[in-house]
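Comments concern the structure below.
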Number of protein chains: 2
Amino acid sequence: MKRITIRDVSERAGVSTAAVSYVLNGREGKVSLETVEKVRRAAEELNYIPDYSARSLANNKSKLIGVVIPQTEERKQLLLQNPFYSELVCGIEGRLRQSGYHMILSGVDKGEGYLDTSMQRNLDGAIIMGIYQESFYEDLKKARIPIVLIDSYVNDSQFHVVGIDDELGGYMATKHLIDNGHTNIALVTGLIRKDGVVEKRFLGYKRALKEAGLFYDPDHVFEHSVSYEYGQEAAKAIAAQPGITAVFATSDMVAMGVIKGLRDAGKKVPDDVSVIGFDDIPVARMSTPPLTTIVQNIVERGVTAAERLLSAIVAGDRYQPEERTIMPLSIAERESVRTIG
Amino acid sequence: MKRITIRDVSERAGVSTAAVSYVLNGREGKVSLETVEKVRRAAEELNYIPDYSARSLANNKSKLIGVVIPQTEERKQLLLQNPFYSELVCGIEGRLRQSGYHMILSGVDKGEGYLDTSMQRNLDGAIIMGIYQESFYEDLKKARIPIVLIDSYVNDSQFHVVGIDDELGGYMATKHLIDNGHTNIALVTGLIRKDGVVEKRFLGYKRALKEAGLFYDPDHVFEHSVSYEYGQEAAKAIAAQPGITAVFATSDMVAMGVIKGLRDAGKKVPDDVSVIGFDDIPVARMSTPPLTTIVQNIVERGVTAAERLLSAIVAGDRYQPEERTIMPLSIAERESVRTIG
DNA sequence: TTGTACGCGTTATCAG
DNA sequence: CTGATAACGCGTACAA
């Protein structure tokens with residue numbers, strides 16, 4: 001079964017390929033109503049399906065968006081197991097498909113750039129999650145396509161950014177604990193990198209402490225790359241330090257580990273120690289006890305990222321990235337925080 | 001910055017475009033060593049990046065694989081929040097990228113087919129997860145590309161299938177409960193569709209009961225589309241039925257809900273009721289208590305699916321799909337099952 | 001080794 | 001104003 005081309009359609013309709021192209025692309029002003037009809041019918045009858053490769057070759061539009069998420073270093077697998085990224089991807093894909101775009105989802109190997117992929121595939125745009133080294137972004141700019149960064153504090157007018165106010169989030173979480181009577185609050189967090197989201201949350205934590213006149217104790221911050229297992233480990237140390245009555249974990253995944261670790265160490269949550277998380281991933285609600293956490297609507301964020309990208313694409317050159325799009329934050333009070341005296 | 005084409009390279013190297021193409025595609029036998037060198041250097045210096053659209057147009061190979069996962073019906077979002085699918089996708093993507101392929105990940109709208117996408121994008125192959133209606137598969141065959149089905153009992157020599165022995169899994173789970181002294185075992189399951197994975201697990205459940213001389217009570221099976229919430233609901237009903245000492249949930253997600261529901265109803269797991277799940281998604285280990293479950297190595301399954309697809313692609317026409325690839329199953333004994341009697 | 005037709009859709013140019 | 005012709009985008013592979 002040979003492929004049906006635009007030529008087949010044009011022959012059947014008794015018109016030129018140009019006419020077919022016009023009709024199929026909605027440039028109907030250029031063509032008589034009668035022709036439109038004939039072309040429509042012929043395309044329908046032959047069940048014509050355009051070849052996007054040819055289209056991409058002809059006009060440099062691929063209707064393809066690159067989406068990059070971080071991957072585990074050892075096994076080179078996407079960090080999609082992390083619900084945070086999978087939710088984001090859900091939001092992105094749905095919105096893109098709705099507008100007739102497809103998504104190439106991939107990780108990027110350490111040391112490699114993304115420019116190659118972008119050029120090879122003639123990507124119309126890209127959404128980048130995660131944090132990479134400076135050179136990665138520099139390289140990316142050469143692609144000259146609209147790019148949306150998620151969770152980045154990179155400050156470059158070339159990029160669109162969809163983020164949240166992480167500092168505020170950190171503040172909110174800590175404040176919530178303080179408001180519930182806690183004065184001895186540990187922080188369990190991912191690696192604090194300059195200008196990373198985690199650093200901002202950390203800053204928010206310190207601001208809330210300071211504002212409440214509480215002492216900031218560096219010994220109460222536990223920092224390590226984020227994982228459930230690390231949460232457990234940190235919890236062990238926390239259980240050993242009497243006096244700590246609450247923990248702010250800068251991601252839900254870690255918070256879950258903390259809860260587990262605390263329980264293993266014989267502490268009850270929230271009776272002995274309160275825990276608050278960040279992100280509101282689906283399992284937060286399923287944890288025992290259900291996790292109180294800072295909620296960002298992750299899926300919505302994906303949708304927003306896709307929308308910003310799409311409008312940048314249609315606007316072409318004359319689109320000025322706005323500073324940043326900041327998504328709202330709220331707090332879900334569940335059962336992992338207790339009010340103390 | 002204009003795009004560097006093969007022509008630019010050929011000029012710089014002082015050879016023909018054909019020679020460049022040969023060199024860059026490893027057909028080096030067709031060309032002198034000297035030419036190879038010149039081309040290599042020129043390509044390097046100009047930082048040449050091939051355009052896959054052109055390549056796809058010229059030889060019908062896109063190096064693009066379509067990956068389809070189910071989506072929620074209401075909001076048209078990928079079911080990627082389901083860790084089962086995200087793990088699978090991780091495995092697939094990593095393996096594909098390793099071989100220079102990219103993955104277009106998408107859902108497919110209800111009523112729509114996937115043939116269009118497949119043709120538009122000139123996909124080299126596809127991996128389909130989830131269950132669709134007959135016509136979907138019929139349609140798909142017209143694409144004439146290798147296709148791997150995951151979790152399907154569709155029996156068609158046109159398709160490759162990578163699955164597990166679901167019946168055995170259902171049997172193993174139930175048998176495990178029986179071996180631990182349970183005789184009154186409820187089943188909480190997703191929709192039992194003819195030839196679906198859930199039906200097989202259900203069959204395994206019945207076989208184990210029968211083999212042990214236990215009575216199969218239809219009132220003890222709770223069937224509904226799978227979700228955490230449904231697990232909770234079913235648990236409520238189970239708690240109300242005295243005598244039930246164990247639950248086999250046909251997916252971990254549901255099992256987690258069951259545990260939660262049981263606890264809410266004042267039952268202790270596993271002291272009052274034992275629970276066993278299926279899949280071994282990451283949260284199974286994080287649940288309280290940690291969930292005993294049938295483990296299938298999901299990521300590995302994704303890798304296997306990708307590998308089968310890749311070999312089918314390189315083999316071209318002369319590749320006979322094997323019957324099915326069956327991945328091994330085992331059981332992870334954690335803390336949600338208690339020995340009684 | 002090279003010249004070049006080809007794959008397919010787009011669009012500028014030009015004729016009716 | 002409608003619509004056809006043809007050049008173009010880029011890489012491949014056959015004929016010479």
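So that the names make sense, note that chain A is the first sequence line, chain B the second, and so on, each numbered from 1.
- With rounding to the nearest 0.5 Å, the separation of OG1 in Thr304(B) from CD1 in Ile150(B) is 9.0 Å.
- Atom CD of Glu34(B) and atom C1' of dT1(C) are 12 Å apart (whole Å).
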(message) What does the 5'-to-3' dot-bracket notation of DNA chain D look like when only Watson-Crick and G-U wobble pairs under 3.5 Å count, and pairs to other strands show as |?
(response) ||||||||||||||||

(request) Going 5' to 3' through nucleotides 6-16 of chain D, assign each nucleotide B (protein heavy atom under 4.0 Å from a base atom), S (under 4.0 Å only from sugar-phosphate atoms) or - (no protein heavy atom that close). (result) B--BBBSBB--

(request) Verify side chain to side chain contact (heavy atoms under 4.5 Å, CB included) between Leu64(B) and Tyr52(B), making sure each step is shown before the conclusion. (result) CA-CA 10 Å; Leu64(B) 227 36; Tyr52(B) 279 43; over 6 Å; no

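- Among all heavy-atom pairs drawn from Ile69(A) and Tyr132(A), the shortest one is C-OH, 3.8 Å.
- The two atoms that bring Val161(A) and Arg308(A) nearest to each other are O-NH1, 3.3 Å, heavy atoms only.
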(message) Apply side chain to side chain contact (heavy atoms under 4.5 Å, CB included) to residues Ile313(A) and Lys61(A) and explain how you reach the verdict.
(response) CA-CA 10 Å; Ile313(A) 290 171; Lys61(A) 285 178 175 39; over 6 Å; no

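- Here the closest non-hydrogen pair linking Tyr137(B) and Phe159(B) is O-CZ, 3.6 Å.
- Under the 4.0 Å criterion applied to side-chain N and carboxylate O atoms, Arg97(A) and Glu93(A) are assigned as salt-bridge partners.
- Side-chain contact check for Tyr85(B) versus Pro70(B): some heavy-atom pair is nearer than 4.5 Å.
- Residue Asp151(A) forms a salt bridge (Lys or Arg N to Asp or Glu O under 4.0 Å) with just one option from Arg193(A), Arg324(A), Arg301(A), and that option is Arg301(A).
- Under the 3.5 Å distance criterion, the side-chain polar atoms of Arg121(A) are left unmatched by any main-chain donor or acceptor of Ser62(A).
- Using a 4.0 Å cut-off on heavy atoms, none of the residues of residues 8-15 of chain B approach DNA chain D.
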